[in-house]
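Taking it in order: structure first as structure tokens, then the write-up.
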Amino acid sequence: MSKIAVIGPKEAVLAFRAVGLDVVCVSTPEEASRAVFRLAEDGHAVIFITEAEAEQISETISRYKTSALPAIIPIPGATGANGYGMAAVRANVEKAIGADILFKEEG
């Protein structure tokens, strides 16, 4: 079975431990970056990371964009979404399709 982990501040990610996910509590961008590298090397297939932390370590995350694994997925933190995750989805859809078909604003 593939391993799944969650990275973020304690108050945002601790509950994921109750459903059996590996949880890494971080409080600095450096800790988040080290956690991504460690979890990837440890064979985690999916790494969820809170949007605020993902935004702070976008360079680290970009190293894995061309790899099949791990899939690194931004999720809202304890205070809600900040738009970073949705912007990433938008960019990936536009890259794959060549046009913004999901989020195109109607005038």
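Because the structure is predicted, anything quoted here is derived from the model rather than measured. Keep in mind that the numbers below use all heavy atoms, side chains included, and drop hydrogens, waters and symmetry copies.
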request  = Please step through side-chain contact (heavy atoms from CB on, under 4.5 Å) for the pair V36 and I72, ending with a clear verdict.
outcome  = CA-CA 9 Å; V36 167; I72 301 175; 3.8 Å; yes
key: Closest approach of I49 to A54 (non-hydrogen atoms, all atoms of both residues)   = CG2-CB, 3.7 Å
query = For the side chain to side chain contact (heavy atoms under 4.5 Å, CB included) test, which of I73, L69, I4, L39 pairs with I47?
reply = L39
query = Of V24, I7, V26, which meets side chain to side chain contact (heavy atoms under 4.5 Å, CB included) against E31?
reply = V26
key: Salt-bridge criterion met for K3 and D22 (N-O under 4.0 Å)   = no
remark   = Taken to the nearest 0.5 Å, the spacing of L21 CG from H44 NE2 works out to 9.0 Å
message = When you group the ILVMFWY residues by side-chain heavy-atom contacts below 4.5 Å and let the links chain together, are V6 and V46 in the same group?
response = yes
inquiry  = Distance check, rounded to the nearest 0.5 Å: S58 atom OG versus E53 atom CD?
reply    = 12.5 Å
key: Nearest heavy-atom neighbours spanning L14 and C25   = CD1-SG, 4.2 Å
request  = Search all heavy atoms of P76 against all heavy atoms of T50 and return the closest pair with its distance.
outcome  = O-CG2, 4.2 Å
inquiry  = Any non-hydrogen side-chain atom of F16 less than 4.5 Å from a side-chain atom of I75?
reply    = yes
